[in-house]
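Read the structure below first, then the notes.
Start at 1 with the first residue, then count along the sequence.
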Amino acid sequence: MKSNLAEVMPELDAGNESSQLTIYQQRAAVLVPTDDLTIRQCAEFIEECKLAEKRQEQKRKDKVDPLNTKVKEINALYMPVRDAFGLLWRTVDEKVSRFVHEQRQQAQIEQQRLIVEAKKKQDEENAKAEAARQAADDAREAGDAKLAAKLDAKADKTEMKASMITAPIVLAPERTMDLGGNTLSVSAPKKDWVLAGWDKAKPMRVMFGGKPDPRIAALMGNVEALPEGVRFVLQHADISPVHLNKSFGQIAFPAPFAETDKFGGSTLRKG
């Protein structure tokens with residue numbers, strides 16, 4: 001037989017859940033088990049709430065399940081094709097990013113070589129001009145003004161020639177390309193961390209069976225010398241790639257972690 005408290009509340013009706021829920025909240029606030037009767041009242045209240053919870057969940061599923069089914073059908077139709085195109089452009093994008101980076105590096109090296117070569121030619125011409133200038137001074141001291149003037153003119157001409165020697169500009173591939181309505185910006189490589197044997201798709205266990213993961217064993221050293229509590233924590237700990245990504249560049253990662261160039265990641269802009 002239901003208690004008076006249990007009889008206060010009818011079953012939840014559609015459109016009236018909010019006000020009825022308030023009544024249940026008020027009842028919950030005053031329900032206190034103190035004897036057999038109140039324990040039963042609490043039990044009946046729990047029963048009502050559990051049944052109401054199930055009814056609400058069923059109502060939710062009745063509305064959501066058809067939508068979820070439709071979403072799954074749409075995803076099954078479009079997502080595989082979308083992902084295939086994504087894989088295709090990323091594959092080629094990485095190739096382009098790597099090639100452009102290599103070509104720009106080679107252009108920088110060649111530019112520096114030409115600058116050094118131009119400087120060498122400038123020095124040679126300036127040395128010739130200095131020699132002609134010295135010869136002109138010697139001619140003046142010897143009283144040969146005509147020869148001195150001729151040598152001064154030669155020095156001036158040689159200095160002018162030296163000043164005009166410059167290194168040619170080495171052209172390198174542009175990072176931004178106009179595609180006629182859209183522009184594609186090829187990204188320079190970004191530094192990324194790498195650990196051999198770990199693809200970073202999932203967190204990596206620190207220890208197995210009391211022993212460090214072989215990939216980081218050298219980094220951890222003798223774990224047996226650590227306090228028992230630390231060993232317990234390490235035994236149940238994971239290395240998070242999310243946290244490592246946030247720390248990379250802010251702190252130096254120790255070996256066996258290493259740095260690598262990450263190519264790709266171009267940007268397509270409209271207009």
Are F45 and V32 in one and the same hydrophobic cluster, where Ile, Leu, Val, Met, Phe, Trp and Tyr link if side-chain heavy atoms are under 4.5 Å apart? no
Tell me the closest heavy-atom pair linking Q122 and I165, and the distance in Å. NE2-O, 3.0 Å
Would you call K150-D144 a salt bridge at under 4.0 Å N-O? no
Are the side chains of I216 and I239 in touch, meaning some heavy atoms are under 4.5 Å apart? yes
K128 with E124: basic N within carboxylate O range, under 4.0 Å: no
Between the CD atom in E44 and the CD1 atom in I46, the distance rounded to the nearest 0.5 Å is 10.5 Å
Out of curiosity, does I74 fall in the hydrophobic cluster containing V71 (side-chain heavy atoms, cut-off under 4.5 Å, transitive links)? no
Just wondering, do K119 and I115 contact through their side chains at under 4.5 Å, heavy atoms? no
Assess whether a salt bridge exists between R98 and E94, defined as any Lys/Arg side-chain N lying under 4.0 Å from an Asp/Glu carboxylate O. yes
Could you state the interatomic distance from CE (M164) to CD (E125), rounded to the nearest 0.5 Å? 12.0 Å
Side-chain heavy-atom pair W193, S247 within 4.5 angstrom cut-off: no
Can you tell me if R82 uses its side chain to pair, donor with acceptor, with the backbone of Y78 under 3.5 Å? no
M177 and V100, any side-chain heavy atoms less than 4.5 Å apart: no
Just by distance, with hydrogens left out, do E130 and N126 show a side-chain donor and acceptor under 3.5 Å apart? no
Got a second to check how far L114's CG is from Q111's CD, nearest 0.5 Å? 6.0 Å
Which atoms form the tightest heavy-atom contact between V206 and L234, and what is the distance? CB-O, 3.6 Å
Do D152 and R133 come close enough that some side-chain heavy atom pair is under 4.5 Å? yes
Should S185 and R269 count as side-chain neighbours, where that means a heavy-atom distance under 4.5 Å? yes
Nearest 0.5 angstrom please: R205 CZ to R215 CZ, how far? 11.5 Å
Is a salt bridge present between R140 and D137, judged by a nitrogen-to-oxygen distance below 4.0 Å? yes
Hphob cluster co-occupancy, V30 + I39, side-chain heavy atoms under 4.5 angstrom: no
Would a 4.5 Å heavy-atom cut-off, applied to side chains only, mark Q108 and V170 as touching? no
Around F208, counting heavy atoms of other residues, nucleotides and ligands shown, do more than 12 lie under 6.0 Å from its CZ? yes
Heavy-atom pair of closest approach, residues W89 and S266: CZ3-OG, 4.1 Å
Does the D192 side chain pair with the main chain of T260, one donor and one acceptor, at a distance under 3.5 Å? no
Is any NZ, NE, NH1 or NH2 atom of the basic residue among D36 and R40 found under 4.0 Å from an Asp or Glu carboxylate oxygen of the other? no
Distance from T158 atom OG1 to K154 atom NZ, nearest 0.5 Å? 6.5 Å
Determine whether V92 and L184 fall in the same hydrophobic cluster, where Ile, Leu, Val, Met, Phe, Trp and Tyr are linked whenever their side-chain heavy atoms lie under 4.5 Å apart. yes
Go through the steps to decide whether K50 and E47 satisfy the test salt bridge (Lys or Arg N to Asp or Glu O under 4.0 Å), and finish with yes or no. CA-CA 5 Å; K50 280 181 173 287; E47 176 193 22; over 6 Å; no
Non-hydrogen atoms of L244 and F253 that approach each other most closely: O-CZ, 3.4 Å
Under a 4.0 Å N-O cut-off, is there an ion pair linking K190 with D261? no
Nearest 0.5 Å, what's the CG-CG distance between D93 and L88? 12.0 Å
Over all heavy atoms of both residues, which pair between M207 and P212 is shortest? Give the atoms and the distance, please. CG-CA, 3.9 Å
For residues S97 and S187, report the shortest heavy-atom separation together with the two atoms involved. OG-O, 2.9 Å
Is it true that I251 and F248 fall in one hydrophobic cluster, defined by side-chain heavy atoms closer than 4.5 Å? yes
Short N-O contact, E57 and K54, less than 4.0 angstrom: no
Test Q56 against E53 for side-chain contact (heavy atoms from CB on, under 4.5 Å), laying out the working first. CA-CA 5 Å; Q56 293 301 307; E53 179 186 29; 5.9 Å; no
Any side-chain heavy atom of L179 sitting closer than 4.5 Å to one from L268? yes
Show me the pairs that pass side chain to side chain donor-acceptor pair (under 3.5 Å) and involve residues 227-239, at least two apart or across chains. none
Above 12 or not: heavy atoms from other molecules or residues under 6.0 Å from CE of M220? yes
